[in-house]
Amino acid sequence: EGKEFSCTQCDKAFLTSDKLKDHMISHMGRKDFVCTQCGKAFSQSGNLYRHNLSHSGEKRFGCTQCDKAFYSSGPLNIHMLSHTGEKEFICTQCGKAFSLKGSLKTHTLSHTGERKFECTQCKKAFSQAGIRKIHMLSHTLVKEFACTQCNKAFSTSGYLNTHLITHRGEQEFSCTQCDKAFTTRGNLKTHKVSHTLVKEFACSQCIKAFYRSADLKRHLGLHTGEKNFVCTQCDKAFSRSGNLKTHNLSHIANKPYVCT
């Protein structure tokens, strides 16, 4: 409430302009505050302070209702809500209630299908800045978790486990409004948007319309001829990432799919 200084690059807002300025440093990539014990760097002094507590092992903020303890008061305050059961933030579209205003804000995006946080390296879009941040790691981390059934590798074991479902063909996530089923909860969530939203994003060059602006943006590439997805092995370019992935299979020596 009353946070009038909003960040133009994510959905955070602050009470003062100084707090906003401190936050903007995180988008600039500057990390001036360095831990003297492990070399990890941070964009804000507060983050460094909280990090330093992890070296001391001191969790001086203890919960009065259970044996959990925290390095700072922020995580403790959030944890305390799990004991009170208080959920005062209610979604006006489905009635679901949340204990945190931020959780409600994140939830409402599931009704709009809006994905305004775009990856700068592969054009994938996400509904939350935090999810994009996790995704960005896939472009920088060593992908040590390799699939034994194809040539794909992943930066975390969780991503690998999700991928393995596609090989097993399991579709355990069923839509309650139609007979479609999906291999991941995320795909089901994306599909559910089609039952609730109007296709308000119309193409100006043909009769197609879309639920999300990101889908319209990808579609427009077909009309403009724009091909942003380039193969690193032969320089062939494509308008969609999916087409590039299919093309990349042609470079694999042992092709996993055999025609019967």
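Count residues from 1 along the sequence. Basis for what follows: all heavy atoms, side chains included, without hydrogens, waters or symmetry-related copies.
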As a quick check of understanding, evaluate side chain to side chain contact (heavy atoms under 4.5 Å, CB included) for C150 and H167, giving each step before the final call. CA-CA 9 Å; C150 70; H167 289 298; 3.6 Å; yes
Nearest 0.5 Å please: distance from the NE2 atom of H163 over to the NZ atom of K152. 6.0 Å
State the CG-OG1 distance between L160 and T148, to the nearest 0.5 angstrom.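 Output value for this atom pair is 8.0 Å.
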With K105, which residues qualify under side chain to side chain contact (heavy atoms under 4.5 Å, CB included), at least two apart?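 K105: side chain to side chain contact (heavy atoms under 4.5 Å, CB included) contacts with D11.
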Kindly write out the residues that satisfy side chain to side chain contact (heavy atoms under 4.5 Å, CB included) with S174, not counting sequence neighbours, or none if the list is empty. A181
Step by step, would you call H223 with S204 a side chain to side chain contact (heavy atoms under 4.5 Å, CB included)? CA-CA 10 Å; H223 292 298; S204 58; over 6 Å; no
Quick check: closest heavy atoms across [X] and [Y], and the distance to 0.1 Å?
| X | Y | result |
| --- | --- | --- |
| L216 | A202 | CD2-O, 3.9 Å |
| C63 | H83 | SG-NE2, 3.4 Å |
| F89 | L104 | CB-CD2, 3.7 Å |
| C203 | L220 | SG-CD2, 3.9 Å |
| L164 | C147 | CD2-SG, 4.0 Å |
| C35 | N52 | SG-OD1, 3.6 Å |

Taking the side chain as everything from C-beta on, heavy atoms only, tell me whether [X] gets closer than 4.5 Å to [Y].
| X | Y | value |
| --- | --- | --- |
| K19 | F5 | no |
| K40 | H51 | yes |
| M24 | L20 | yes |
| K236 | L244 | no |
| C206 | H219 | yes |

Mind checking ring pair (Phe, Tyr, Trp, His ring centres under 6.0 Å) for [X] and listing every partner two or more places apart, or none if nothing turns up?
| X | answer |
| --- | --- |
| F117 | none |
| F70 | H79 |
| F182 | H191 |
| F98 | H107 |

Mind running side chain to side chain contact (heavy atoms under 4.5 Å, CB included) on Q65 and M80 for me, showing each step along the way? CA-CA 8 Å; Q65 317 244 341; M80 290 300 291; 4.0 Å; yes
Step by step, work out the side chain to side chain contact (heavy atoms under 4.5 Å, CB included) result for H23 and K12. CA-CA 9 Å; H23 165 74; K12 286 192 174 180; 3.8 Å; yes
